[in-house]
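Here is the structure we will look at, set down as structure tokens.
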Amino acid sequence: MITFRDVHVTYPTGTKGLDGVSLEISDGEFVVVVGLSGAGKSTLVRAINGLVPVTAGELEVNGRRVDGASKRELRRLRGEVGMIFQSFNLVTRVSVLNNVLMGRLARTSTLATLVGAYGSANKDIAFDALERVGIIEKAYTRASQLSGGQQQRVAIARVLAQQAGVVLADEPVASLDPPTAHAVMSDLRRVQRELGITTVVNLHFLDLARSFADRIIGMRAGKVVFDGTADQADDSVFEDIYGRSLRADDVVAAPPVTIDPEDRA
Ligand SMILES: Nc1ncnc2c1ncn2[C@@H]1O[C@H](COP(=O)(O)OP(=O)(O)OP(=O)(O)O)[C@@H](O)[C@H]1O
Ligand SMILES: [Mg+2]
């Protein structure tokens, strides 16, 4: 469970990233955060694993306070919270398998990881993670040789290998073309359901938000201005969140057409 109690984040420049956010995210929820650029979406997500310091209020993750946490407590928190980024953040010169094994770092002794000795139990976990996102055949390929969609699947496999109870994803599909964005969101959603991982995802595109979220949180100027189900978030709700009428670039596109193998030439 993630609990925000009147959380404020004020950056050193004086800009308010969060302006009095109170919310509760239950275990196993899939929450999508939407809002215009600068609304505070990344700040909200990054506050959860302490990447952005809370300047007032209380923030708890799994019963432990994030605000005011020591370096050691933050390290432990980050072991329990997986993070997925728009830019994938893989080590592109090493294999896919090695990238996924990095998800095991927090749970493996430093000496073992220094000599690359993750052990067979960790490798089993990494292969299982790769299988769940459908790229097990790429295990020994260098990450640099993968497409964007495949790289983001590796990043998902890495957080699965981390066995994190909470996954945060900051614009995970913003660098992908529309069909790939849908496919990667579907993968993320499927593994989230299979494993019951609490997931908080920032998305620009309202059609993706509607198709994948259990719950949508709308942000504007650092405040939560909408909190409801995907069904409740109709166009007028989005216009309220955005403070303007909707445009073509607020949606990614129609989902890919699935072709029945029987119909293929
Ligand atoms: N490191 C920082 N230093 C100072 N101000 C920042 C910093 N990061 C974000 N901000 C400011 O805080 C506010 C919220 O930013 P945030 O990155 O959370 O928005 P966002 O909703 O994720 O936007 P985008 O959709 O463009 O990613 C903005 O006004 C932004 O300029
Ligand atoms: Mg952002």
Side-chain angles (χ1 to χ4, degrees), residues 2-23 25 30-59 61 66-67 69 74 77-78 81-89 148 151-152 155-156 159 166-178 181 184-185 188 199-213 215-228 230 233 237-253:
I2 303 168
T3 310
F4 285 74
R5 289 187 204 95
D6 195 25
V7 170
H8 293 252
V9 171
T10 307
Y11 286 103
T13 52
T15 307
K16 274 197 167 278
L18 295 183
D19 188 9
V21 169
S22 294
L23 41 96
I25 297 171
F30 193 93
V31 178
V32 172
V33 185
V34 298
L36 288 179
S37 181
K41 305 181 297 296
S42 297
T43 306
L44 181 90
V45 159
R46 284 155 191 258
I48 296 172
N49 69 353
L51 274 177
V52 165
V54 167
T55 47
E58 293 177 5
L59 175 53
V61 176
V66 179
D67 55 289
L74 280 181
L77 173 75
R78 287 177 194 152
V81 177
M83 187 92 197
I84 296 171
F85 300 89
Q86 174 177 347
S87 52
F88 323 131
N89 286 26
Q151 290 197 38
Q152 198 58 305
I156 295 171
V159 298
V166 176
V167 168
L168 310 174
D170 195 355
E171 304 279 1
V173 297
S175 305
L176 305 174
D177 60 75
V184 169
M185 280 304 295
L188 183 61
T199 307
V200 186
V201 186
N202 287 343
L203 291 175
H204 257 97
F205 301 115
L206 57 90
D207 52 342
L208 285 183
R210 273 190 198 129
S211 5
F212 293 103
R215 173 179 173 190
I216 292 179
I217 290 176
M219 299 208 54
R220 195 170 163 187
K223 294 186 196 306
V224 172
V225 294
F226 174 81
D227 187 350
V237 164
F238 275 104
E239 292 187 343
D240 276 352
I241 297 169
Y242 287 4
R244 60 156 171 77
S245 29
L246 301 181
R247 301 193 304 235
D249 62 353
D250 294 329
V251 294
V252 54

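Just follow the structure's listing: the first ligand is 1, and inside any ligand the first atom is 1. Just the heavy atoms: all of them, side chains too, but no hydrogens, waters or symmetry mates, feed the values below.
The backbone N or O of Tyr11 lies less than 3.5 Å from no partner atom in the side chain of Thr15, so there is not a single donor-acceptor pair. Side chain of Arg78 to backbone of Gly50: a donor-acceptor contact under 3.5 angstrom is found. Put simply, the side chain of Glu58 never gets that close to the backbone of Phe4: no donor and acceptor are under 3.5 Å apart. When atom types are taken as modelled, the side chain of Asp19 and the backbone of Lys16 share no donor-acceptor pair closer than 3.5 angstrom. Of the possible polar contacts, none joining the Gln152 side chain to the Met185 backbone as a donor-acceptor pair under 3.5 Å is found.
For ligand 1, the 4.0 Å heavy-atom shell takes in Tyr11, Thr13, Thr15, Gly17, Leu36, Ser37, Gly38, Ala39, Gly40, Lys41, Ser42, Thr43, His204, ordered by chain and residue number.
Taking the side chain as every heavy atom from C-beta outward, Arg244 and Leu36 approach each other to under 4.5 Å. Within the 4.5 Å cutoff, no side-chain heavy atoms of Arg210 are placed close to those of Leu208. You'll find the side chain of Val201 stays beyond 4.5 Å of the side chain of Glu171, heavy atoms only.
Protein atoms of type N/O/S that fall under 2.8 Å from the Mg ion (ligand 2) number 1 in this view.
A donor atom on one side chain and an acceptor atom on the other are not found under 3.5 Å apart for Ser22 and Asp6.
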